[in-house]
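Below is one structure, written out as structure tokens; comments come after it.
Quick note: numbers below take in every heavy atom, side chains included, and nothing from hydrogens, waters or symmetry partners. Computed from a predicted model, the values in this text were never measured in an experiment. Reminder, nothing fancy here: chain letters follow the sequence lines and each chain counts from 1.
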Amino acid sequence: MPQEKYYITTAIPYATQKPHIGNCYDQVAADAFARWKRMRGYDVWYLTGTDEHGQKIEDLAAKEGITPKAYADRITSGMREIFATLNISYDQFIRTTDDYHEAAVAAAFQKLYDQGDIYKGSYEGLYCTPCESFWTSSQLVEGKCPDCGRDVAPAREEAYFLRQSKYQGWLEQYYADHPDFIAPESRRNEMINTFIKPGLQDLCVTRSTITWGVPVPFDPKHVMYVWLDALSNYITALGFDAGENSDAFRKFWPADLQVIGKDVCRFHVITWPIMLHALGQPLPKRVLAHPWLMFGQDKMSKSRGNVVYADELAEIVGTDAVRYYMLAEMPLAVDGSITREAVLERYNSDLANVLGNLVNRSLTMTNKYFDGIVPAPGEPFELELSLQAFALETLRQFETALEDCRLADALEAVLALAKRLNKYIDETLPWALAKDPEKREYLGTVLYHLLEGIRWLAALFAPAMPATAEGILRQLQPELNPVQTLAGILPLKSFGGLEPGGKVTQTPTPLFARLDTDKVLI
RNA sequence: GGCGGCAUAGCUCAGCUGGCUAGAGCAUUCGGUUCAUACCCGGAGUGUCACUGGUUCAAAUCCAGUUGCCGCUACCA
């Protein structure tokens with residue numbers, strides 16, 4: 001049987017400034033999916049990158065007296081550093097300024113134009129001459145330009161348009177036939193009610209007021225506006241060039257999951273499908289439009305001074321705790337929230353007290369009662385059987401939640417297994433068993449179940465907290481390579497895969513040091 | 001303004017197509033335990049399930065209205 005493929009992408013952030021923690025949610029979420037699929041044996045391709053064209057970057061660069069490319073270089077390399085800090089395991093990093101991308105986008109534009117899906121028209125709106133910007137009447141502030149406050153005047157400008165209106169019926173039908181195309185469902189309804197039902201409008205896809213972009217091949221005074229350029233990255237990355245498809249494209253397209261923020265939902269579920277359809281390509285199987293991570297109740301912004309950066313937070317609580325927090329705290333339908341208190345609470349309760357302490361106490365007891373040797377289990381009793389069933393049920397819940405894109409629920413299920421194991425210790429009282437030589441076999445059974453349970457925790461937490469999973473295995477099976485162990489740990493078909501006779505570490509070390517709520521500054 | 005959604009224990013939230021004394025986590029408090037990172041386990045809770053009406057044998061769960069909050073409604077990237 002050929003290996004199944006899994007292609008996952010994130011939106012490509014606009015390379016204007018250092019991304020805050022909310023801006024990194026795409027990458028962290030996609031990373032968890034990608035890691036799980038790799039563990040499951042899929043041939044995974046995980047794409048991320050940066051969007052580097054457009055007015056804003058042109059302006060920012062001009063302000064510094066450097067080229068837009070030089071500006072984007074700096075921001076993009078900073079972004080890659082943050083992704084490295086977050087342990088993002090992307091396979092490819094595309095930049096819209098990459099040669100192959102620009103060439104492929106130009107070819108796609110040409111093809112769409114030749115087919116009549118792109119046409120030349122004119123854009124009409126309210127123009128602010130000093131700002132060189134068009135505005136809609138709703139954007140105006142007291143009838144004036146929202147940027148400079150000066151008068152605007154009606155104006156028209158030649159531009160190219162994507163004929164979205166032509167595909168209205170097709171798109172409606174596609175939504176109806178693919179109810180899971182957009183997650184969560186509320187976004188899908190918004191799109192239908194707001195844009196599709198009232199009638200799809202054609203979309204202006206070029207600008208002639210800026211130069212920092214991919215030129216229209218046959219009319220170079222126009223450059224492509226963001227959407228056509230940026231959206232195409234998902235296929236140009238694989239080598240799609242509008243003509244001859246590459247092996248990678250044929251193998252990986254369509255994407256299995258595209259992770260995006262709600263702000264770009266509209267373009268990913270309307271414009272992007274239409275582009276693909278017009279190019280004769282299948283659509284991604286699913287688009288996950290996640291909400292935002294707020295600081296408390298407020299949107300993070302530099303001007304508010306409430307921006308949280310992932311790398312700075314990681315220095316205090318560690319990379320995995322940051323990843324865990326982001327994934328566990330972000331709902332699907334409404335915005336998530338990050339606060340100092342919530343981060344510390346998650347860290348201490350979930351990671352230090354429940355998970356870390358469980359691992360530590362289990363390993364300590366194994367050393368104390370069995371000289372660190374993983375004991376062979378005796379016949380399981382009712383209690384052990386129910387524990388095993390619990391583990392299998394956890395795995396099922398975990399995967400079901402992942403399939404539904406409910407990452408927070410998936411993690412909650414795994415944490416529940418850790419709690420169940422802590423409870424198991426209280427139910428069996430190993431220290432009491434250790435005092436009675438006749439109970440030695442059962443003591444071994446208990447310890448074995450704890451250690452095997454911990455191995456399951458390592459497997460199930462690995463997508464969200466890869467370093468922690470490795471850390472657990474390094475203490476549980478110090479003679480083995482944790483990376484290799486993790487890669488081969490699935491499928492967890494039944495409870496009992498841990499080999500008895502192995503030796504755990506002699507010096508158990510807490511995975512997460514408890515943080516003093518009063519002293520830690522975030 | 002238009003369309004959609006939500007209002008449930010101190011906090012964050014589960015409660016699908018109506019039906020057993022309304023649940024979980026965290027925080028609080030009491031008890032147990034000592035293997036462990038003063039951790040873990042157990043008990044206790046408190047709740048007019050926003051408000052008002054309606055449908056029904058029966059509503060947190062359906063319908064209408066009211067109030068409050070949120071999302072989408074930008075050719076912003």
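Atom CD1 of A:Ile75 and atom P of B:A77 are 16 Å apart (whole Å). As rounded to whole Å, 19 Å separates atom P of B:G25 from atom OH of A:Tyr325. If you measure from atom NE2 of A:His268 to atom P of B:A77, you get 16 Å, rounded to the nearest angstrom. Atom CE in A:Met330 sits about 17 Å away from atom P in B:U12, given to the nearest Å. The interatomic distance linking A:Leu332 (CG) with B:C6 (P) rounds to 15 Å, in whole Å. In this structure, A:Arg187 atom CZ and B:C6 atom P are separated by 14 Å, rounded to whole Å. Rounded to an integer number of Å, the gap from CD of A:Glu185 to C1' of B:C3 is 16 Å. As a whole-Å value, the separation of A:Asp335 CG from B:C70 C1' is 9 Å.
Nearest to the side chain of A:Gln55, among B:A77, B:U73, B:U37, sits B:A77. Side chain of A:Asn193, nearest nucleotide from B:C72, B:U37, B:C3: B:C3. Of the listed nucleotides (B:C40, B:U73, B:G71), B:U73 has the atom at the smallest distance from the side chain of A:Thr194. Proximity note for A:Asp263 (side chain, C-beta onward) versus B:U37, B:A74, B:A77: the nearest is B:A77.
Using a 4.5 Å cut-off on side-chain heavy atoms (C-beta onward), A:Met191 and A:Arg266 make contact. In this structure, A:Ile454 and A:Ser362 have side chains that are in contact, with non-hydrogen atoms separated by less than 4.5 Å.
A donor-acceptor pair under 3.5 Å links the side-chain atoms of A:Asp335 to the main chain of A:Trp292, judged by distance alone.
The partner of B:C49, taking Watson-Crick or G-U wobble pairs whose two distances both stay under 3.5 Å, does not exist in any strand shown. Base pairing of B:U61: no nucleotide in any strand meets the Watson-Crick or G-U wobble criterion (both distances under 3.5 Å). Base pairing analysis places B:C20 opposite nothing; no Watson-Crick or G-U wobble pair with both distances below 3.5 Å involves it. Of the nucleotides present, B:C30 is the one that pairs with B:G42 by Watson-Crick or G-U wobble criteria, both distances under 3.5 Å. Across the strands present, B:C3 finds its partner in B:G71; the criterion is a Watson-Crick or G-U wobble pair with both atom distances under 3.5 angstrom.
Residue A:Phe512 is in base contact, counting any heavy-atom pair closer than 4.0 Å across all strands shown. Nucleic acid contact for A:Val334: none, since no nucleic acid atom lies under 4.0 Å from a heavy atom of the residue. Contact annotation for A:Arg346: no contact, since no heavy-atom pair falls under 4.0 Å across all strands. Among the protein residues, A:Ile12 comes within range of no part of the nucleic acid, since none of its heavy atoms lies under 4.0 Å from any strand. Within 4.0 Å (heavy atoms only), A:Gly356 reaches at least one base atom of the nucleic acid. Within the 4.0 angstrom heavy-atom criterion, no nucleotide atom of any strand lies near A:Pro430. Using a 4.0 Å heavy-atom criterion, one finds that A:Lys262 contacts the sugar-phosphate atoms exclusively.
A cation-pi arrangement, defined by a distance under 6.0 Å to the six-membered ring centre and an angle within 45 degrees of its axis, is absent between A:Arg95 and A:Phe93. In this structure, A:Arg440 is positioned above the aromatic face of A:Phe370, its NZ or CZ under 6.0 Å from the six-membered ring centre and within 45° of the axis. At least one test fails for A:Lys56 against the ring of A:Tyr14: distance under 6.0 Å to the centre or angle within 45° of the axis.
Rounded to the nearest Å, the gap between the C1' atom of B:C72 and that of B:C63 is 26 Å. For the P atom pair drawn from B:U21 and B:U46, the interatomic distance equals 15 Å after rounding to whole Å. Separation of the P atoms belonging to B:A14 and B:G1 is 28 Å when rounded to the nearest angstrom.
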Original post:
Could you write nucleotides 26-35 of chain B as a row of B, S and -, 5' to 3', where a protein heavy atom under 4.0 Å of any base atom gives B, of only sugar-phosphate atoms gives S, and otherwise -?
Top reply: S-----BSSB
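Side chains of A:Glu52 and A:Thr76: a donor on one and an acceptor on the other come within 3.5 Å.
Each of A:Cys204 and A:Ala418 was assigned the nucleotide of RNA chain B with the nearest heavy atom; the assignment lying further toward the 5' end belongs to A:Ala418.
For A:His222 and A:Phe109, the distance between ring centers is not under 6.0 angstrom.
In plain terms, the two heavy atoms of A:Ala176 and A:Pro179 that are nearest each other are O-CD, 3.9 Å.
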